[in-house]
S.K.: 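Got a structure for you, questions after.
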Amino acid sequence: MNALVATNRNFKLAARLLGLDSKLEKSLLIPFREIKVECTIPKDDGTLASFVGFRVQHDNARGPMKGGIRYHPEVEHDEVNALAQLMTWKTAVANIPYGGAKGGIGCDPRDLSISELERLTRVFTQKIHDLIGIHADVPAPDMGTGPQTMAWMLDEYSKFHGYSPAVVTGKPIDLGGSLGRDAATGRGVLFATEALLNEHGKAISGKKIVIQGFGNVGSWAARLIHEKGGKIVAVSDITGAIKNSKGIDIPRLLNHVKENKGVKGFEGADSLDPESILVEDCDILIPAALGGIINRENANEIKAKFIIEAANHPTDPEADEILSKKGVIILPDTYANSGGVTVSYFEWVQNIQGFLWDEEKVNNELKTYMTKAFKDVKKMCQVHNCDLRMGAFTLGVNRVARATVMRGWEA
């Protein structure tokens, strides 16, 4: 199912549970602003290449809009729109003073040189610089982008507006980035998993865990879960998939990935068909890559008892229903992967204050926010007699709706 259709469906279910007025419901759904720009750059060989960039600013009732910039061949309007809306509910669930936005450029960053990526980032920033800002819209890294991308954005924005470190988050430490930001989403996944298991009288230690996606989020989640005694039995990335029923040596795997740019060929595990990783025998499945990978075709075959959504929108609504009937408990993306945006908020706060927190403070604050958010989600589950996904959606939508009404924006 299309990500936008699925997100709208979940929003409408939450709006119905909350009994929202139809006018308010409509105003919450319509994006504040949608931007589509053409980015033409000279390539290293002297030829010109054009790319389409997007920025969807969904809602700012609770504060400046916030959301990542992704560089990926499949970036298109509906996907960006859905992810912008999800950011609105995610920041509200985390209870940080932001709204939601998302952006991206339809390109394959692997096909571009560093200098081409820099030119593309700078042209994109030139096209949107007057629409983003410290108190308007604060971009961050996403798939295919990282601290270097944010450094280029910051520099280009500063040419127009003066040095403004708080205009983007996920920056290098030397340019005002936050300690702990690189690991934040993965660490948030750990804290979210601990909160869920604790609710069921369980602990991570000894649990068999499968991680689909071994990029920044998946690799940090694997490292931190491994340190807590969790047994990572299978992982995959763009190069392939591997498994070891006795548990993968994660520190060794991280060194292998650093040297070989992927998990393929790791000697401490057997190769595995990447298509089958989702249905491997495990206690906890962590999808940490692209959306829509758990669907009606594979949901019946999933053996995990818990699914922690580290990726954005990895589970289709049809799969949700199938898994629910099987008794699988899904911790939704709107809560489970909110660690990144929460530490982005901490980075923004540090930039505005001009004061750097130490890493222990960042991690302790993150745990406090993640633990409190889980309790808030559970409370909404009890109030509305719903699952965790609807608990998170009703929590987020309710907070945004209240802010909208109080500001007199309900039209």
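None of these values were measured; they are calculated from a predicted model.
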S.K.: Please test His129 against Tyr157 for ring pair (Phe, Tyr, Trp, His ring centres under 6.0 Å), starting from the C-alpha separation and ending with a verdict.
M.R.: CA-CA 6 Å; His129 76 89; Tyr157 180 87; 7.0 Å; no
S.K.: Going by an N to O cut-off under 4.0 Å, is there a salt bridge joining Lys66 and Asp137?
M.R.: no
S.K.: Could you give me the CA-CA distance, side-chain angles and deciding distance for Arg223 and Leu254, then say whether side chain to side chain contact (heavy atoms under 4.5 Å, CB included) is met?
M.R.: CA-CA 8 Å; Arg223 181 190 312 221; Leu254 289 166; 3.6 Å; yes
S.K.: So if I apply the salt bridge (Lys or Arg N to Asp or Glu O under 4.0 Å) rule between Lys102 and each of Asp78, Asp59, Asp142, which one comes out positive?
M.R.: Asp142
S.K.: Taking Lys243 first and then Glu280, would you say they form a salt bridge - that is, a charged N and a carboxylate O separated by under 4.0 Å?
M.R.: yes
S.K.: Evaluate Phe346 against Tyr369 for ring pair (Phe, Tyr, Trp, His ring centres under 6.0 Å), listing each step before the verdict.
M.R.: CA-CA 11 Å; Phe346 299 161; Tyr369 271 77; 5.5 Å; yes
S.K.: Output yes when Glu347 and Lys171 qualify as a salt bridge under the 4.0 Å nitrogen-oxygen rule, no when they do not.
M.R.: yes
S.K.: Take the angle between the ring planes of His58 and Trp89 and call it parallel below 30°, perpendicular above 60°, tilted in between.
M.R.: perpendicular
S.K.: Of all heavy-atom pairs between Ala403 and Ala61, which one has the smallest distance, and what is that distance?
M.R.: CB-O, 3.9 Å
S.K.: Is it true that Arg9 and Asp316 have a side-chain N and a carboxylate O under 4.0 angstrom from each other?
M.R.: no
S.K.: State whether the number of non-hydrogen atoms from other residues, nucleotides or ligands found under 6.0 Å of Lys127 atom NZ is greater than 12.
M.R.: yes
S.K.: Atom CD1 in Ile211, atom CD1 in Ile308: separation rounded to 0.5 Å?
M.R.: 11.0 Å
